[in-house]
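Proteins come first, then strands; the chains are lettered A, B, ... in the order of their sequence lines, and each starts at number 1.
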Amino acid sequence: MLDALAESLFLILQLKTFMLMMLGMGLGFSVGLLPGIGGGATMALMMPFIFHMTPVEAFAFLLGMHSVVATTGDITSVLFGVPGEGACAATVLDGHPMAKRGQAGRALGAALMSSLVGALIGAAVLAVSIPVVRPLVLSFGSPELFMVTMMGIACITSLSGLGARGQLRGFSMGLFGLLLSTIGTERQSGMLRFDMGLMYLWEGLDLVPFMVGIFAVPEIVNLAVRGTAIAGERPNERLRSGVLEGIKDTFRHFWLVVRCSAIGVLVGILPGAGGGVAQWMAYAHAVQSATDATDRERFGKGDVRGVLGPGACNNSKEGGDLIPTVAFGVPGSGATAILLGAFIIMGLTPGPDMLTKHLSVTYSMVWTLVIANIITVALCLMTLNHLARLTYVRGGLIIPFVLLLIFLGSYTANKSIADLLVTAGCGLFGYFMMRFGWPRAPLVLGFVLGKLAETYLFISIARYGFEWLARPMVIVLFLLTLFVIALPYLQDRRKRRRRSTHAD
Amino acid sequence: MRINGRIAFSLLLIAMTAIAIVMALQWSFKAAFFPLVTAVPLLILATAQLMVDLIGRSPAEENTRSDLDFTADISPEIARRRTVAIFAWIAGFILLVFLLGFSLAIPIFVLTYLASQTDAGWWLKIALAAAAWGCFYGLFDRLLHLPFEAGRIQTWMGWG
């Protein structure tokens with residue numbers, strides 16, 4: 001195994017392979033900044049170029065591109081409140097408020113360093129777990145995957161205010177997100193739901209215009225109303241020390257970063273769950289790490305832990321995604337499904353061969369994840385000062401460019417003017433949500449999980465009737481879901497009890 | 001009773017949910033099951049929220065979590081005017097894209113916005129508009145080969 005690891009490192013460091021990886025990273029960097037064009041779509045666009053490459057070169061090129069997308073997606077999330085990728089939306093919640101407080105450097109430092117730690121953990125897990133993870137993946141059928149989506153939905157308790165009214169609004173928005181996800185063709189019966197006679201809605205609302213509208217448009221409105229730079233009238237942050245502070249934050253909250261990375265790896269391993277779910281679970285876990293209600297209230301207003309959790313999770317997920325793809329040919333996400341196409345082009349069959357005959361190719365993927373992330377984070381850290389300065393540029397000069405970013409990104413979802421209208425409509429709805437104190441995260445979480453939950457529920461009932469409810473793993477996941485719901489209350493109660501004991 | 005924005009928003013949510021339930025009741029069981037499972041509890045929760053809004057507690061008392069605090073430093077009148085203005089710019093941009101396509105709408109929008117909203121010099125405004133178009137053309141058109149619809153005007157003229 002160690003020989004194969006060393007051999008694959010040598011293969012990656014060959015000049016041609018290394019340059020192809022750098023080219024892929026450059027593309028991934030640009031694409032990560034744009035909402036709408038995801039890593040998966042770019043990978044598909046680049047697929048024709050790999051025909052003349054060796055397997056190691058092809059995977060270095062494609063994975064180099066894909067592995068940096070989430071890292072750079074965090075940059076626009078922090079600076080402008082525009083999620084560069086669907087999987088970077090949770091970073092907006094605390095990253096952008098930090099930028100508005102003049103702490104863009106710190107937020108970016110934290111996002112990048114936690115991304116690197118997450119990526120390294122994901123790659124390490126990929127390297128050691130392929131031979132042992134088979135029973136876990138095979139034990140997860142649609143009933144278990146349905147329960148995982150339920151566990152994701154349960155995170156709403158952490159994404160809403162702790163009081164009864166906060167929960168009321170949080171769960172209302174979560175349910176509304178689930179309801180919106182049912183727009184379009186129902187997959188079992190083929191019936192059209194809530195399509196309003198519009199062909200555009202037959203495929204349902206697309207995540208990108210929806211999410212970008214809900215998150216980015218209200219930020220632009222706020223910036224236009226303030227009439228200042230993103231960071232307001234604050235004096236320039238000492239950028240270098242801000243970035244350093246963000247890096248230190250990663251190690252100050254190292255166990256949170258490790259736990260969120262573990263969430264990313266686990267969700268990545270499960271086919272179909274994807275980064276849209278993982279980031280919110282990690283964010284919810286970061287909120288749960290608050291020591292009491294006052295500490296919890298800091299989230300959503302610029303708490304660095306809200307940046308560290310999703311940052312780490314997004315990049316560790318890539319390693320997790322690759323495990324079922326390489327080991328069994330079961331893609332963990334849309335992007336790895338496209339990557340599976342590269343296996344076929346290269347004449348490789350995912351499965352046992354990848355652990356024996358082509359072990360060096362498998363380990364070259366591990367090294368690509370490691371090297372691409374180290375180089376990207378190092379380059380970003382070097383240019384971070386200039387990026388963070390954008391938050392001090394007058395709002396009037398920034399707004400048209402951010403609007404272009406928003407609407408061009410949204411347009412690429414379906415290449416339709418209707419995408420722009422959906423973005424503007426969701427933006428208006430998001431604006432009123434903000435105006436009247438409704439939380440946005442549960443809405444997006446419900447929307448992301450709705451389709452998955454409905455599909456898995458129907459497959460479970462069609463395949464097992466109601467017997468699936470008695471499956472051992474389903475029961476375990478159900479109990480875990482109850483625990484996730486109760487955790488914030490248990491923590492609060494324990495804290496109060498401890499405080500009253502101290503007072504006595 | 002005075003209907004404020006918060007009450008109106010809750011009413012909007014209730015209305016949308018009620019319409020969804022009425023529509024779903026006309027579908028087959030398979031198609032209606034999931035929408036009803038989500039819409040019925042949503043209707044109950046939204047109605048409860050409306051009750052809370054009618055009782056009239058201030059947001060500070062409610063322990064809710066809003067993840068974006070709108071600025072309070074600007075007078076409400078100016079804030080309202082600027083909000084309407086930015087939504088008008090957004091609507092204008094979409095209309096420009098519809099009529100002229102992205103390729104022409106981008107430089108026109110950037111230049112017009114900068115000209116009316118900033119006091120930057122004309123060279124800077126023109127340079128920024130050109131840079132915006134250059135990024136669009138280089139990345140989306142040349143590198144990624146993404147298809148962009150021609151504007152309605154070009155189509156009517158037979159240029160699209």
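Relative ring orientation between Tyr411(A) and Phe102(B) is described as perpendicular, the plane-to-plane angle rising above 60° on a 0-90° scale split at 30° and 60°. Between Phe194(A) and Trp27(B), the ring-plane angle classifies as perpendicular under the 30° and 60° cut-offs. In this pair, Trp133(B) and Tyr137(B) present their aromatic rings parallel. The plane angle is below 30°, not in the 30 to 60° band.
Only the side chain of Val217(A) comes within contact range of chain B, with heavy atoms under 4.5 Å apart. Residue Leu42(B) touches chain A through both its backbone and its side chain, counting heavy-atom pairs closer than 4.5 Å. Residue Leu36(B) does not touch chain A at all, counting heavy-atom pairs closer than 4.5 Å. When heavy atoms are compared at a cutoff of 4.5 Å, Ala46(B) approaches chain A solely by way of its backbone atoms N, CA, C and O. Proximity to chain A (any heavy atom under 4.5 Å) is shown, for Phe148(B), by both the backbone and the side chain. For Thr118(B), the part lying under 4.5 angstrom from a heavy atom of chain A is the side chain only. Heavy atoms closer than 4.5 Å to chain A are found in the side chain of Ile86(B), but not in its backbone. Looking at Leu128(B), the atoms closer than 4.5 Å to chain A (heavy atoms on both sides) sit in the backbone and in the side chain alike.
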Next item on the list: Evaluate the side-chain hydrogen bond (donor to acceptor under 3.5 Å, both in side chains) criterion for residues Ser10(B) and Asp53(B): first the C-alpha distance (whole Å), next the side-chain angles of each, then the deciding distance (0.1 Å), finally the verdict.
Entry: CA-CA 8 Å; Ser10(B) 298; Asp53(B) 290 337; 2.5 Å; yes
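Between chain A and the options Glu149(B), Gln117(B), Arg81(B), Met23(B), heavy-atom pairs under 4.5 Å are most frequent for Glu149(B). Contact count versus chain B (heavy atoms, under 4.5 Å) is highest, among Leu428(A), Ile220(A), Leu457(A), for Leu428(A).
Between Phe429(A) and Phe176(A), a ring centre-to-centre spacing shorter than 6.0 Å is recorded.
In this structure, Arg226(A) does not pair ionically with Glu219(A), as no charged nitrogen and carboxylate oxygen lie closer than 4.0 Å. Ion pair Arg394(A)/Asp119(B) flagged as a salt bridge, since at least one NZ, NE, NH1 or NH2 atom sits closer than 4.0 Å to an Asp/Glu carboxylate oxygen.
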